[in-house]
Amino acid sequence: MDKFLDTLMSINGTINTIAWVYILLTCVFVGGMYITVRCGFLQFVKFGYAMKNTIGKMFKKTSAGEGAVTPLQAVTTALSATVGTGNIVGTCQAIAMGGYGAVFWLWLAALLGMIIKYSEVTLSIHYRERDEKGDWVGGPMYYITKGLGKNWKWLASLFCIFATLASFGIGNMSQANSIAGSIGNAIAAFTPISDSALNTVELAVGIVLALLVGLTLFGGIKRIGAVTEKLIPFMSVLYIAFTLIVIFGNIGQVGSAFGKIFSAAFNPQAVLGAGTGIAMKQAVVWGLRRSAFSNEAGLGSAAIAHAAAETPSAVHQGLYGIFEVFVDTIVICTLTAITVIISGVDISFGVKPGSELVAGAFATVFGHQFASLFVAIALALFAFSTILGWSLYGTRCVQYLLGIRASHIYQLIFILVVVIGATTSLDVVWDLADTFNGLMAIPNFIALFALTGTVARLTREHFKK
């Protein structure tokens, strides 16, 4: 059995590298540049317009019709699946594995990711449809089938299979385990706890978490949107505030931190020292990879949530894709990176860390116990919102493949897997799910390349009006 698992993980590791490094990152760079040119450098020349028509309007009181959600609920549902682990743990991993320069490449990928996610969201609205219950449904599977033609339905089905399998690992088990672990760490920071007591805590967390997910998930897209529109802005603002306190407490080091990022982007060994073993390739790969992991631009997942938005036009909702990547990666990931760099916390380059780097950075100002508690709560709430976001993605994919009745069965299984994830560390499942997550980009980018002309046309028509 062990030999089989070793062989399986070896094969999975090869596929994972191909999917994430050679396919996704290449498509983000080449595809992002191609779409940027075709759309007239929209994310740059219309950035102010995009911010004015997204964050400038998203908190105004609006209502959504039957089977739809407000633009704010759509974007927070999409953000719920990205803001959190990727911003905190992912950014720390980018720095530790790729050096300070990885942050520069993370920014570059985000600038291209803006137009990629804009295209995904625009296409999801343009090709969406009503399901049997009257809800708006859309996403890569719909713009593949309706945009490329029914002969390409196999490609849409492939996307749904990859996304459904990924939802159980990346969007469920790993998040539930992270929540149980963070709560256990928070308790241990204040009082010693035995292994048996910790197991009991993890089981209790799993059961409570499953109940909360079930109550939200069975309420449909509207209830998911109602939860995320409150949870995501609150936690995002609170997390940003804490990073700013640390940054202003070390304000004299900010210039030096940016200097390290730009210097190490092209010559990491000159900044970190030859002994670190970090080459420019590592800085590029880890920066681009963790950017994609953080904002999911290119995976097509967020388009599923945006498809339900009550919006005047496809392009108008597409602008939220630009806003989403900007907030997720340019703002939150940057604040995380600067907080870690200027705090003076010890970074073991070449060693993949968890959330301890951020906790250590916060501890320099707030103390160890409070910092551990805050990071635990932040990760728990962010991870919970991620579970909600991915539960929607999986539901819609199963619905596309097998119908609404089958999606209800999927939801029951998804809820049960939450308990398993909270109480069991299954690295094999997580690694496989991470690969399926990366494989989602293949069918999605085929559609994006083929339908770039449609995105460009819709963009021109919108701004002519």
Side-chain angles (χ1 to χ4, degrees), residues 27-58 62 68 70-72 74-75 78-79 108-129 136-149 152 291-292 295-330 441 443-465:
C27 286
V28 166
F29 187 76
V30 177
M33 291 295 292
Y34 175 65
I35 300 172
T36 295
V37 173
R38 288 294 302 274
C39 291
F41 297 87
L42 178 72
Q43 73 269 42
F44 304 114
V45 299
K46 296 293 184 181
F47 180 77
Y49 176 89
M51 294 302 105
K52 178 182 177 182
N53 285 275
T54 53
I55 193 171
K57 295 182 178 180
M58 65 191 301
T62 56
T70 66
L72 173 61
V75 75
L79 280 170
L108 179 61
L111 294 177
L112 297 174
M114 288 181 188
I115 197 66
I116 292 171
K117 186 164 280 193
Y118 163 82
S119 301
E120 293 171 343
V121 176
T122 299
L123 290 172
S124 74
I125 296 293
H126 184 64
Y127 289 110
R128 67 181 178 176
E129 61 184 48
W136 281 117
V137 291
M141 55 281 204
Y142 290 93
Y143 57 71
I144 289 172
T145 306
K146 299 176 76 173
L148 303 185
W152 289 87
S291 180
N295 57 55
E296 295 186 4
L299 301 182
S301 49
I304 299 172
H306 282 279
E310 187 78 47
T311 181
S313 73
V315 169
H316 185 273
Q317 191 64 27
L319 297 175
Y320 281 95
I322 296 175
F323 163 79
E324 193 177 306
V325 176
F326 175 75
V327 170
D328 179 276
T329 307
I330 300 296
N444 184 51
F445 265 110
I446 290 173
L448 289 180
F449 278 120
L451 297 173
T452 297
T454 301
V455 177
R457 176 177 58 80
L458 292 171
T459 302
R460 288 193 302 270
E461 291 174 354
H462 176 85
F463 287 103
K464 280 183 180 178
K465 294 177 182 179

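- Shown here for Ser119 and Ile35, the closest heavy-atom pair between the two residues is OG-CG2, 3.3 Å.
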>> Apply side chain to side chain contact (heavy atoms under 4.5 Å, CB included) to residues His126 and Leu451 and explain how you reach the verdict.
In response: CA-CA 11 Å; His126 184 64; Leu451 297 173; over 6 Å; no
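- When every heavy atom of His316 is checked against every heavy atom of Asn53, the shortest pair comes out as NE2-O, 3.8 Å.
- Interatomic distance, CD of Gln317 versus CD of Glu310, reported as 10.0 Å (0.5 Å rounding).
- With rounding to the nearest 0.5 Å, the separation of CG in Leu319 from CZ in Phe47 is 11.5 Å.
- Just one of Ile116, Leu111, Leu112 meets the side-chain contact (heavy atoms from CB on, under 4.5 Å) condition when paired with Thr36; it is Leu112.
- Residues Pro140 and Ile304 form a side-chain contact, since some pair of their non-hydrogen atoms from C-beta on lies under 4.5 Å apart.
- Across all non-hydrogen atoms, the minimal contact from Ile125 to Arg128 is O-CG, 3.2 Å.
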>> Pair Tyr118, Thr459 - check side chain to side chain donor-acceptor pair (under 3.5 Å), show working.
In response: CA-CA 10 Å; Tyr118 163 82; Thr459 302; 2.6 Å; yes
>> Applying side chain to side chain contact (heavy atoms under 4.5 Å, CB included) to Leu299 and Asn444, what does each step give before you reach the verdict?
In response: CA-CA 7 Å; Leu299 301 182; Asn444 184 51; 5.8 Å; no
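- The two residues Glu120 and Gly300 make their nearest non-hydrogen contact at OE2-N, 3.3 Å.
- Heavy atoms of other residues, nucleotides or ligands lying less than 6.0 angstrom from CZ of Phe449 number more than 12.
- Residues Tyr143 and Leu448 have side chains in contact (heavy-atom distance under 4.5 Å, counting atoms from C-beta outward).
- Minimum heavy-atom separation, Gly139 to Ala307: N-CB, 4.3 Å.
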> Which is it for Ile144 and Tyr127 under the side chain to side chain contact (heavy atoms under 4.5 Å, CB included) test, yes or no, and what are the steps along the way?
Replying inline: CA-CA 9 Å; Ile144 289 172; Tyr127 289 110; over 6 Å; no
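- With values rounded to the nearest 0.5 angstrom, His462 atom NE2 is found 9.0 Å from Leu42 atom CG.
- A tilted orientation is assigned to the rings of Phe41 and Phe44, their planes being inclined by 30° to 60°.
- The minimum heavy-atom distance linking Cys39 with Ile115 is given by the pair CB-CD1, 4.1 Å.
- Between the CD atom of Glu129 and the OG1 atom of Thr145 there is a distance of 8.5 Å, given to the nearest 0.5 Å.
- Between Tyr320 and His306, the ring-plane angle classifies as tilted under the 30° and 60° cut-offs.
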